[in-house]
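Down below is the structure, laid out as structure tokens.
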Amino acid sequence: MKKLFISIMMMAFTLPSFCQFSSGGFSLSEESLYWGARFGITGASLNDDLDLGMKAGMTLAGVVGLRLSETTPVFLESGLYYTERGGKKDDVRVGYNNLEVPFLIKYGIQGTDEIAILPFIGPYFSYAFSGKWKVGDASGSTFRSDGLKHMNMGFKFGVGAEYNNLYLELGYQLGVTNVSRVDKISTHSNALFANFGVNF
């Protein structure tokens with residue numbers, strides 16, 4: 001909760017500086033290449049056999065997008081994300097830190113002269129580089145022999161909205177890889193997410 005509170009405060013203080021990048025208008029017909037920054041929160045879980053419910057975490061990312069067609073507002077967006085994932089239930093808590101690379105197809109819908117709606121879908125690939133589990137007073141590494149795997153992949157889908165250079169998106173990540181190291185246990189990492197940022 002302390003990390004989440006600090007993250008929310010950072011977002012509140014950086015919002016005025018994001019606003020100064022307003023272009024005075026957004027046009028899908030003129031966008032061909034963009035890059036941006038993302039900051040957000042996740043509600044992650046470890047489903048199936050582990051059945052660990054939602055755990056709050058933070059997201060930080062840099063992204064780049066490229067228009068794929070001259071006649072249609074279709075974009076390919078990728079980037080590097082730092083995300084906090086895991087799950088919790090009763091006195092069981094699992095947390096780990098990810099580096100994630102998505103490959104998203106976005107389709108732009110011009111809402112008004114200043115607002116564009118961008119639904120998206122695509123795969124993501126991630127590597128968990130650190131983490132801990134805790135059960136009562138006991139704790140240990142998330143990635144020991146009876147824990148979780150480092151590698152994961154899945155699909156990411158949702159919808160974003162851009163107002164001038166400011167960007168907001170909501171979505172869901174569906175894990176495809178069984179991340180359990182134990183043969184008879186199956187678990188997948190899923191997450192709801194909300195990201196705020198700026199595009200240039």
Let me see the working for Trp133 and Val92 under side chain to side chain contact (heavy atoms under 4.5 Å, CB included), right down to the final yes or no.
CA-CA 8 Å; Trp133 60 264; Val92 179; over 6 Å; no
Criterion side chain to side chain contact (heavy atoms under 4.5 Å, CB included) on Tyr81 and Tyr124, from CA distance to verdict:
CA-CA 10 Å; Tyr81 284 68; Tyr124 70 88; over 6 Å; no
With side chain to side chain contact (heavy atoms under 4.5 Å, CB included) as the test, would you mind laying out the steps for Leu68 and Ile105 before giving the verdict?
CA-CA 9 Å; Leu68 299 180; Ile105 297 296; 4.0 Å; yes
Carefully, step by step, assess Tyr167 and Leu118 under the rule side chain to side chain contact (heavy atoms under 4.5 Å, CB included).
CA-CA 10 Å; Tyr167 181 78; Leu118 298 120; 4.2 Å; yes
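Note on Leu104 and Tyr172: separate hydrophobic clusters, where clusters join Ile, Leu, Val, Met, Phe, Trp and Tyr whose side-chain heavy atoms are under 4.5 Å apart, directly or indirectly. In the hydrophobic cluster analysis, where Ile, Leu, Val, Met, Phe, Trp and Tyr join through side-chain heavy atoms closer than 4.5 angstrom, Leu80 is grouped together with Met153. Using a 4.5 Å cut-off between side-chain heavy atoms of Ile, Leu, Val, Met, Phe, Trp and Tyr, with links allowed through other members, Phe103 and Leu174 fall into different hydrophobic clusters. Note: the hydrophobic cluster containing Leu46 does not contain Val176 (ILVMFWY, side chain heavy atoms under 4.5 Å, direct or indirect links). At a threshold of 4.5 Å between side-chain heavy atoms, the hydrophobic network of Ile, Leu, Val, Met, Phe, Trp and Tyr places Leu60 and Phe129 in one connected group.
Here the straight-line distance linking atom CD of Gln173 with atom CG of Leu192 works out to 9.5 Å at 0.5 Å rounding. Rounding to the nearest 0.5 Å gives a distance of 10.0 Å between OG1 of Thr83 and CE of Met58. Note that CD of Glu114 is 11.5 Å distant from CD of Glu162, once rounded to the nearest 0.5 Å. In this structure, OG on Ser141 lies 9.0 Å from CG on Leu148, to the nearest 0.5 angstrom. Distance NE2/His188 to CG/Asp49: 10.0 Å, rounded to 0.5 Å. Note that CG of Leu170 and CZ of Phe193 are 8.0 Å apart. Values are rounded to the nearest 0.5 Å.
Ring geometry for Tyr96 against Phe143 counts as perpendicular: the plane angle is over 60°, on a 0 to 90° scale with 30° as the lower cut. Classified by interplanar angle (parallel below 30°, tilted 30° to 60°, perpendicular above 60°), the ring pair Tyr127/His150 is parallel.
Side-chain contact check for Trp35 versus Phe200: some heavy-atom pair is nearer than 4.5 Å. Under the 4.5 Å side-chain criterion, counting only non-hydrogen atoms from C-beta, Asp48 is not in contact with Ile185.
For the pair Ser78 (side chain) and Pro102 (backbone), a donor-acceptor distance under 3.5 Å is present. Not one N or O on the side chain of Asn98 forms a donor-acceptor pair closer than 3.5 Å with the backbone of Glu84. Side-chain atoms of Asn178 come within 3.5 Å of backbone N or O of Ser180 as a donor-acceptor pair. Counting only distance, with no hydrogens or angles, the side chain of Ser145 and the backbone of Arg181 share no donor-acceptor pair below 3.5 Å. No donor-acceptor distance shorter than 3.5 angstrom exists from the side chain of Thr177 to the backbone of Val179, with no hydrogens or angles considered. Looking only at distances, a side-chain donor or acceptor of Thr187 sits under 3.5 Å from a matching main-chain atom of Asn47.
For the pair Lys106 and Phe75, the cation-pi test (distance below 6.0 Å, angle within 45°) is failed.
Using modelled atom types, one finds a donor on one side chain and an acceptor on the other under 3.5 Å when comparing Tyr82 with Asn97. Side chains of Arg85 and Asn190: a donor-acceptor N/O pair is absent below 3.5 angstrom, by distance only.
Considering every non-hydrogen atom in both Ile117 and Ile115, the closest pair reads CD1-CG2, 4.2 Å. Between Met54 and Ser45, the closest heavy-atom pair is N-CB, 4.3 Å. Taking all atoms of both residues into account, the shortest heavy-atom contact from Asn195 to Gly40 is OD1-CA, 3.4 Å. In this structure, Ser189 and Asn152 approach most closely via the heavy-atom pair CB-ND2, 3.9 Å.
With respect to Arg38 and Glu77, a salt bridge is recorded, a charged nitrogen being found less than 4.0 Å from a carboxylate O.
The number of heavy atoms from other shown groups lying within 6.0 Å of NZ (Lys149) is above 12. Heavy-atom neighbours of Asp91 CG from other residues, nucleotides or ligands within 6.0 Å: above the threshold of 12.
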